[in-house]
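The structure under discussion appears below in the form of structure tokens.
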Amino acid sequence: VHTPLITMSKADIIRRGVDLGLDYGLTHSCYDPPASGTPCGRCDSCVLRARGFAQAGLVDPLLLR
């Protein structure tokens, strides 16, 4: 099994995605997003994603909607 992300922090993964040209505005991690598609900000996945973007020094594009 190849697991290239397993040793990377969430911030490292986000930075790598940005380096590869990933549009994070087309992704979401929320377990139960509202109809607007914005993150709920409360579930574990939202908390981890928000922390990863903050630690990477970036703004989550989903919060700009």
Check: Hey, does F53 have a side-chain heavy atom less than 4.5 Å from the side chain of P61?
Finding: yes
Margin query: Do S29 and P39 make a side-chain contact, defined as non-hydrogen atoms from C-beta onward lying under 4.5 Å apart?
Written below: no
State the [atom1]-[atom2] distance between [X] and [Y], to the nearest 0.5 angstrom.
| X | Y | atom1 | atom2 | value |
| --- | --- | --- | --- | --- |
| K10 | Q55 | NZ | CD | 11.5 Å |
| S9 | L48 | OG | CG | 11.5 Å |
| I6 | I13 | CD1 | CD1 | 9.5 Å |
| L62 | L26 | CG | CG | 9.0 Å |

Note to self: Minimum heavy-atom separation for C40 and C46, please, with both atom names.
What the structure shows: N-SG, 3.5 Å
Next item on the list: Indicate the atoms forming the closest heavy-atom contact of R49 with H28, along with that distance.
Entry: NH1-CA, 3.6 Å
Margin query: A quick test of your reading: do over 12 heavy atoms of other residues, nucleotides or ligands sit less than 6.0 Å from CG of D32?
Written below: no
Check: Should the pair D12-R15 be classified as a salt bridge under the 4.0 Å nitrogen-to-oxygen rule?
Finding: yes
